[in-house]
Amino acid sequence: MFTEVGRWLDARTSRAGDWLPEAVLAAKGDHRVSVVLPARDEERTVGEIVGRIRRDLRERLPLIDELVVIDSCSTDATARVAADAGAQVVHQNAVLRGYGLLPGKGDALWKALAVTTGDLVVFIDADLRNFGTHFVTGLLGPLLSDPSVAYVKGCYDRPLADGTAAQPHGGGRVTELVARPLINLHWPALAGFIQPLAGEYAGRRAVLEEISFVTGYGVELGLLVDLLGRVGLDSLAQVDLGVRVHSHQPIEALGRMAGHIMLTAWSRLEREGRLVTADPPNGRIAQVRRLGNGRRLHVSDVGVHERPPLITIPEYASGARLMPERRQP
Ligand SMILES: O=c1ccn([C@@H]2O[C@H](COP(=O)(O)OP(=O)(O)O[C@H]3O[C@H](CO)[C@@H](O)[C@H](O)[C@H]3O)[C@@H](O)[C@H]2O)c(=O)[nH]1
Ligand SMILES: O=C(O)[C@H](O)COP(=O)(O)O
């Protein structure tokens, strides 16, 4: 089993430096490229990322056709900062309203796929502190050079910066403690993905619109597992983007993220008929917080929902793209 993983790792892993911007542009041909940044309260970082993409990959090189920030119910100035930097800003809850409002990153990505028009779609997290345009060109390179590649996942070294010192490889705690063990236990063919939860990836719309999106932080694991089933390992690739520095969430928030990921794995195992139970898992997580000299329980919903393949949504399938009002509803 791991022989196949090793072979895939060698064959399907490239480095961002293998994909020079001018060569990527030359390979673009008739493709149309959309870049999407999901952003919830990212006013500190989103402007810099949008500005770099606009200047370097739209104005200097005409590589990117569409640059969308999907504002995921931000309470800060994310939308204004992103618009000022040159992005088209769409509010998550303004898209496909008839399908109900659901929270979380996966829903934001599904809505972004619905409103964009590129046949190639690149997703980049909006909290990156060391963004470089090689993130975008590196992810596009394998898709533009090999029609058999359907989806490209970023990988990188992940430092953990705790405010006083950085551990060069200490980041990605949910990845290492939850996602990687789950993947190895249940989908070992995916074990070669160095950063299975990376928020930087690119895919062909024709494939992405045919799979469902989990609404919360389970979206990345859900996409990998579902793509493996749909297109097979050899149509998946990864590209080494160097080092990624981002805003770390508090450990309690990572516990809830882990809950999303475990429930996503559970949903796929159940769907694959590998788990049969009359007693589904509890969708809430209780975390004990210190309160003065005592303690209290803090209960959060970590249940995940499914957004169906976009191609099954009539408004989308009719070909009418769904760009809504730019302002928040
Ligand atoms: O409800 C939300 C939550 C987050 N985000 C955005 O999604 C990106 C990633 O979110 P973040 O909270 O920074 O996640 P990380 O702690 O970095 O988690 C890692 O693991 C997650 C689970 O797989 C992935 O979704 C992330 O991309 C990956 O970086 C950021 O731009 C957020 O602003 C939303 O758009 N909506
Ligand atoms: O991907 C992960 O594992 C989570 O985003 C946590 O990352 P961090 O440990 O670098 O904060």
Side-chain angles (χ1 to χ4, degrees), residues 38-45 70-76 78 92-93 100-110 125-129 158-167 169-187 195-199 213-225 244-270 275 277-307:
R40 184 185 61 186
D41 295 336
E42 306 292 7
E43 64 181 9
R44 283 169 302 167
T45 43
I70 183 102
D71 180 18
S72 188
C73 310
S74 297
T75 55
D76 70 1
T78 291
Q92 177 176 347
N93 285 346
L101 304 182
L102 292 172
K105 183 186 177 190
D107 186 67
L109 298 187
W110 188 75
D125 279 354
D127 67 330
L128 301 187
R129 295 182 177 179
R158 297 186 60 165
L160 179 66
D162 66 4
T164 51
Q167 299 173 43
H169 304 285
R173 291 163 287 176
V174 179
T175 302
E176 301 306 334
L177 301 177
V178 179
R180 200 180 307 289
L182 276 174
I183 284 172
N184 276 274
L185 288 172
H186 303 298
W187 298 279
Q195 294 296 340
L197 300 189
F213 279 53
V214 172
T215 54
Y217 282 117
V219 62
E220 278 78 26
L221 179 65
L223 284 173
L224 267 191
V225 169
R244 174 191 193 257
V245 181
H246 76 135
S247 314
H248 299 286
Q249 296 201 52
I251 197 75
E252 206 186 66
L254 294 184
R256 295 190 289 272
M257 178 188 288
H260 287 191
I261 288 166
M262 289 180 188
L263 285 170
T264 300
W266 190 89
S267 73
R268 269 48 194 165
L269 289 171
E270 191 190 35
L275 193 72
T277 173
D279 190 15
N282 169 29
R284 297 194 303 162
I285 184 169
Q287 295 171 309
V288 184
R289 288 183 178 169
R290 184 181 289 282
L291 187 67
N293 290 330
R295 304 263 195 279
R296 78 179 163 84
L297 275 187
H298 178 77
V299 178
S300 311
D301 182 355
V302 293
V304 293
H305 304 270
E306 296 276 343
R307 287 298 198 182

Close side-chain approach of [X] to [Y], heavy-atom, < 4.5 Å:
X	Y	answer
Phe213	Asp107	no
Arg129	Ser247	yes
Val178	Leu197	no
Ile183	Val225	no

From [X] [atom1] over to [Y] [atom2], what is the distance, rounded to the nearest 0.5 angstrom?
X	Y	atom1	atom2	value
His298	Leu291	NE2	CG	12.5 Å
Leu297	Ile285	CG	CD1	11.5 Å
Gln195	Arg158	CD	CZ	5.0 Å

Side-chain donor/acceptor of [X] to backbone N/O of [Y], under 3.5 Å:
X	Y	value
Asp41	Thr75	yes
Thr45	Ala126	yes
Gln92	Leu102	yes

### Task
Please identify each residue that fulfils ring pair (Phe, Tyr, Trp, His ring centres under 6.0 Å) with His305, with sequence neighbours left out.
none
Using every non-hydrogen atom in the two residues, find where [X] and [Y] come nearest and quote the distance to one decimal.
X	Y	value
Gly218	Ile261	CA-CG1, 4.3 Å
Val245	Pro159	CG2-CG, 4.0 Å
Cys73	Asn93	SG-ND2, 3.6 Å
Tyr217	His260	N-ND1, 2.9 Å

side-chain contact (heavy atoms from CB on, under 4.5 Å) partners for [X], two or more places apart:
X	value
Pro281	Leu263, Trp266
Asp125	Pro38, Lys105, Asp127, Leu128, Glu200, Arg244
Arg173	Leu160, His248, Ile251, Leu254
His169	Asp157

Residues two or more places apart in sequence or in another chain: which of them pass side chain to side chain donor-acceptor pair (under 3.5 Å) with [X]?
X	answer
Trp187	Glu272
Glu42	none
Thr264	none
Glu306	Ser212, Arg268

### Query
In terms of heavy-atom contacts, does CZ of Arg296 have more than 12 from other residues, nucleotides or ligands at under 6.0 Å?
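Yes - once you tally the heavy atoms of other residues, nucleotides and ligands closer than 6.0 Å, there are more than 12.
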### Task
Applying salt bridge (charged side-chain N to carboxylate O under 4.0 Å, His left out), name anything that partners Arg180, two or more places apart in sequence or on another chain.
Glu176
### Task
List the steps, then state whether side-chain hydrogen bond (donor to acceptor under 3.5 Å, both in side chains) holds for Asp76 with Thr78.
CA-CA 6 Å; Asp76 70 1; Thr78 291; 2.6 Å; yes
### Task
Kindly state each residue pair satisfying salt bridge (charged side-chain N to carboxylate O under 4.0 Å, His left out) with at least one member in residues 247-256, sequence neighbours excluded.
Glu252-Arg256, Glu252-Arg289
